[in-house]
Structures are given as structure tokens and as C-alpha cells.
Amino acid sequence: ASGQNAFGGNLVPTTDNTYSLGIVGKRWSTLYAQTTNVGDIHFANDFKITEVLTDEGLDALAIVNSAGEKVVVFDSQGNIFFKGEVRQLK
């Protein structure tokens, strides 16, 4: 066998926002897609990238730390907001 399966049509779960594609230790290595729609992106260190609104009501993306604090926000006007100092890496 070639290790490949092909089918035509959609692969659709029976319930919304319930099932995973892969598990810990059995992950997909690469995903090829024309368009993707995702919610929050979660990282192993408990940081996440999420959609937010700024205080002015603008659409934005935020990097949120493990304490749930927005530490960096990128708004739809191209502005970047930082919670702490901006320092040079050594």
C-alpha cells in the first residue's frame, strides 16, 4: 500500500467544535490548504494568539500570556501595542 487514501467530498464531523484531528503523539506533519479559518492558536507554553477588539473598537490580534494578559496587540490600522517595555535581545 502507498500509505495514501483519496476521496471526493467533504470530511465533516457530526458535532460542531467537539472532535480533534490528530492527538498528542499522533500529529499531522503538514497541512496544505487554500484557505484556513481558525479560532485561537494555542501554544505549549500556554500563550495564545486570539482575535480581540481594541478599546477603540478596532479589530485586532493579541498575543496573550499564560496569565490571560494581552501582552502585544496588533490593530487593523497597523498599530502595535505592548504591555511591557521594548528591549533588545542579547
Side-chain angles (χ1 to χ4, degrees):
S2 68
Q4 295 183 10
N5 293 303
F7 66 94
N10 298 318
L11 179 61
V12 180
T14 56
T15 307
D16 186 40
N17 199 25
T18 301
Y19 303 106
S20 298
L21 184 59
I23 58 172
V24 174
K26 300 284 184 180
R27 301 173 294 169
W28 299 95
S29 65
T30 306
L31 174 66
Y32 296 94
Q34 180 69 31
T35 303
T36 59
N37 294 291
V38 298
D40 294 349
I41 300 171
H42 295 260
F43 297 89
N45 63 359
D46 290 329
F47 274 64
K48 70 179 178 180
I49 298 174
T50 187
E51 295 175 295
V52 297
L53 289 176
T54 64
D55 293 339
E56 296 79 22
L58 297 173
D59 289 330
L61 290 176
I63 298 175
V64 178
N65 65 17
S66 59
E69 302 167 318
K70 291 180 267 188
V71 293
V72 182
V73 175
F74 305 88
D75 76 14
S76 58
Q77 302 296 310
N79 299 306
I80 304 172
F81 303 89
F82 298 92
K83 179 176 174 58
E85 311 174 14
V86 177
R87 301 184 344 192
Q88 182 175 352
L89 291 174
K90 296 180 181 181

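What you see below is based on every heavy atom in this structure, not just the backbone, and it leaves out hydrogens, waters and symmetry mates.
- Placement of V52 and L58 in two distinct hydrophobic clusters is found when ILVMFWY residues are connected by side-chain heavy-atom separations under 4.5 Å, directly or transitively.
- Residues I80 and L61 do not share a hydrophobic cluster, defined by chaining ILVMFWY side chains whose heavy atoms lie under 4.5 Å apart.
- Under a cut-off of 6.0 angstrom, the local environment of CG in D40 is crowded, with over 12 non-hydrogen atoms contributed by other residues, nucleotides or ligands.
- Distance check, rounded to the nearest 0.5 Å: CD1 of I49 to NE2 of H42 gives 10.5 Å.
- Considering every non-hydrogen atom in both V73 and A62, the closest pair reads CG2-CB, 4.0 Å.
- Pairs of residues two or more places apart, or lying in two chains, never qualify as side chain to side chain donor-acceptor pair (under 3.5 Å) while including a residue from residues 25-39.
- I41 contributes atom CD1, which lies 9.5 Å from atom OG1 of T50 (distance to the nearest 0.5 angstrom).
- In terms of heavy-atom proximity, L53 sits nearest to K70 at O-NZ, 4.5 Å.
- Connection of L21 to F43 is not established within any shared hydrophobic cluster, with ILVMFWY side chains joined at heavy-atom distances below 4.5 Å, either directly or through further cluster members.
- For E51, the CD atom is loosely surrounded, since the number of other residues' heavy atoms within 6.0 Å does not exceed 12.
- One hydrophobic cluster holds both V86 and V71 under the rule that ILVMFWY side chains link at heavy-atom gaps under 4.5 Å.
- Each side chain to side chain donor-acceptor pair (under 3.5 Å) pair with one or both residues in residues 71-85, not counting sequence neighbours, appears once here: D75-N79.
- Counted within 6.0 Å of CG on D16, heavy atoms from surrounding residues, nucleotides or ligands total 12 or fewer; the atom is thus considered open.
- Closest of all the heavy-atom pairs between Y19 and P13 is CD1-CB, 3.7 Å.
- Following chains of ILVMFWY side-chain contacts shorter than 4.5 Å, one cannot reach L89 starting from F47, and the two form parts of different hydrophobic clusters.
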